[in-house]
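Since the structure comes first, as structure tokens, the remarks are kept for the end.
Throughout, protein chains are lettered first and strands after them, A, B, ... in sequence-line order, and every chain is numbered starting at 1. Predicted, not measured: the structure shown is a model, and the values here were computed from it.
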2 protein chains.
Amino acid sequence: MSQHRHPGAPGRAGAVPALPDLPEATVARLPEYLRALHNLADTGHETVSSEGLSAAAGVNSAKLRKDLSHLGSYGTRGVGYDVALLIEQIEYVLGLTQRRAVALVGVGNLGHALAGYDGFASRGFRIAALLDADPSRVGEEINGLVVRHVDDLPTVAAEESLAIGVIATPAAAAQQVADQLVAVGVTSILNFAPCVLSVPEGVDVRKVDLAIELQILSFHEHRKASLTALPATGGSALTALPGGFAATDTQEAIGT
Amino acid sequence: MSQHRHPGAPGRAGAVPALPDLPEATVARLPEYLRALHNLADTGHETVSSEGLSAAAGVNSAKLRKDLSHLGSYGTRGVGYDVALLIEQIEYVLGLTQRRAVALVGVGNLGHALAGYDGFASRGFRIAALLDADPSRVGEEINGLVVRHVDDLPTVAAEESLAIGVIATPAAAAQQVADQLVAVGVTSILNFAPCVLSVPEGVDVRKVDLAIELQILSFHEHRKASLTALPATGGSALTALPGGFAATDTQEAIGT
DNA sequence: CGCGATTTGTGCACGTCTTCACAAGCGCCT
DNA sequence: AGGCGCTTGTGAAGACGTGCACAAATCGCG
């Protein structure tokens, strides 16, 4: 609390200072803070208050302070947080001090877009290889990288230190690709295929499904529509529905 | 709950059966159940147990039962759920009985991919318009649709009943596009730009940020590395983690 | 040098989500 | 018909996440 996060822990040669184990919800927000901080830094801000940063990140300021306190953060009461220092801290915790190599499998529609997405490069990652199972795609050059066959994975893994794999294949191929990735030592997978992957313990999988996001929005649309469709005779007294009115407490709306 | 009302019957005119207001966490999982159910239906299954469905969707079976119970579901004790009926139910609740029109703004790298993504069409949505602010892109044809200028939004909205907008522009343009979408009556936005949008109350925004997903994975990589880096030395002193092996209790592993 | 303005860090209470464990219900088999 | 095995639906307990409100800490200024 009071002191640094230099946990005298297992001192072990300047090795890794044993990460505090953060709540998952906090981890999920750190990248957002980081992005906001970079914006602030680019616009010349040297310090920022929790109020200011939380607004830029779209969260509650108390939540932000609590999140930062978890990583034993460096704020100064009465002043705020040092932007540069906080960036450094968060990047360290997220493991972004080394630029991680990512293997992208599947260069179809989506894979193409991902390969060309500069958000990866600019935020700590390097696409180390593009792979595909379709021989007709092998050899194609995208964004300066040549597509290789997915069976070359072992070779690629030998060249690079691969820890993260991105799957952008059709659902039918995803599980097999996941197995291949795991086989060459990948321990984190970002899956864009609409299916559930099964992987050994110790391997993290995160899933992004574009259609699911839309379906969630659709639900809210449906609900909004069914509410406004209610006659409501006069307003306030819409007796009927048990708790019907509560409809809009959702903070989904903005974030502040 | 107790009484069966013929639910599905989208033909059933008039009174919307008043959507139960579901927990947000449940809503977020329904699409996943739906996908799993479609798979089951395609492979000839007529019924499925909560155990089976939960496995296919990558969640805990008790959670699944509770989720389904929230929508007053139709299961038969000793048997399971009727696949076709459950599909109908979930699609109804999610508002997928009508094919919703979506406007996609920004046909750059990512926008291109989204425009060509058939997962939208196959799961209840129809891309009604492609828009971009760059005049040199206007007129281009993608997947059978011609790109129009973003200033044509009012016209598009007049032609179609737009409720959902997708933003795939650079961050700098996102807020302005969001404002334009809101102005023509869009009340749900899926935002791929790495920035926080501010919108009026009543408008839902969901954000998808590819780099953030990677950064979250990076954190877990970093943590795994810092753990394995610890010397064996009895290991007991593992800073915080009681029982180091527990590292994977996080349902991250497969589920969610 | 002390005071007031400001902002962090956090104790606490509250709400949401998850998980267990089990009673109630259903169909099948004898 | 009756019992038995299987599966749903749910009460209750606990874990987790959130937000308020305030004490502690710091700076700037007179």
CA sep, side-chain torsions, deciding dist, call: Asp204(A), Thr187(A), side chain to side chain contact (heavy atoms under 4.5 Å, CB included): CA-CA 6 Å; Asp204(A) 281 316; Thr187(A) 47; over 6 Å; no
If you check the [X] side chain, which of [options] turns out closest?
| X | options | answer |
| --- | --- | --- |
| Ala62(B) | dT18(D), dT18(C), dT19(C) | dT19(C) |
| Ser69(B) | dT18(D), dT10(D), dT19(C) | dT10(D) |
| Thr76(B) | dG9(C), dC26(C), dT18(D) | dC26(C) |

Leu214(A) vs Phe120(B), side chain to side chain contact (heavy atoms under 4.5 Å, CB included): CA-CA, chis, key distance, verdict: CA-CA 8 Å; Leu214(A) 280 184; Phe120(B) 289 153; 3.5 Å; yes
Would you kindly give the [atom1]-to-[atom2] distance between [X] and [N], to the nearest whole Å?
| X | N | atom1 | atom2 | answer |
| --- | --- | --- | --- | --- |
| Leu71(B) | dG9(D) | CG | C1' | 13 Å |
| Asp67(A) | dG17(D) | CG | C1' | 10 Å |
| Tyr33(A) | dT8(C) | OH | P | 13 Å |
| Leu68(A) | dT18(D) | CG | P | 14 Å |
| Lys63(B) | dT16(C) | NZ | P | 17 Å |
| Asp82(B) | dG27(C) | CG | P | 13 Å |
| Glu51(A) | dA21(D) | CD | C1' | 14 Å |
| Tyr81(A) | dT6(C) | OH | C1' | 13 Å |

Verdict with supporting geometry, Leu30(B) and Leu22(B), side chain to side chain contact (heavy atoms under 4.5 Å, CB included): CA-CA 10 Å; Leu30(B) 287 181; Leu22(B) 310 173; 3.8 Å; yes
Base dT26(D) to side chain Arg77(A), donor-acceptor N/O within 3.5 Å cut-off: no
Donor-acceptor contact present, side-chain Arg29(B) to main-chain Ala57(B), <3.5 Å: no
Main-chain N/O of Cys195(B) paired to Asn191(B) side chain as donor or acceptor, under 3.5 Å: yes
Distance test, side-chain N/O of [X] to OP1/OP2 of [N], below 4.0 Å:
| X | N | value |
| --- | --- | --- |
| Ser50(B) | dT8(D) | yes |
| Asn60(B) | dC17(C) | no |
| Tyr74(B) | dT7(D) | no |
| Arg29(A) | dT18(D) | yes |

Between the protein and nucleotides 11-13 of chain C, which nitrogen or oxygen pairs are less than 3.5 angstrom apart?
{"from": "dG11(C)", "atom 1": "O6", "to": "Lys66(A)", "atom 2": "NZ", "distance (Å)": "3.1"}
{"from": "dC12(C)", "atom 1": "N4", "to": "Lys66(A)", "atom 2": "NZ", "distance (Å)": "3.3"}

Whichever of Val79(A) and Gly80(B) has its nearest DNA chain D nucleotide further upstream toward 5': Gly80(B)
Salt bridge flag under 4.0 Å for residues Asp209(B) and Arg123(A): yes
Short side-chain donor-acceptor distance under 3.5 Å, Asp67(B) and Thr26(B): yes
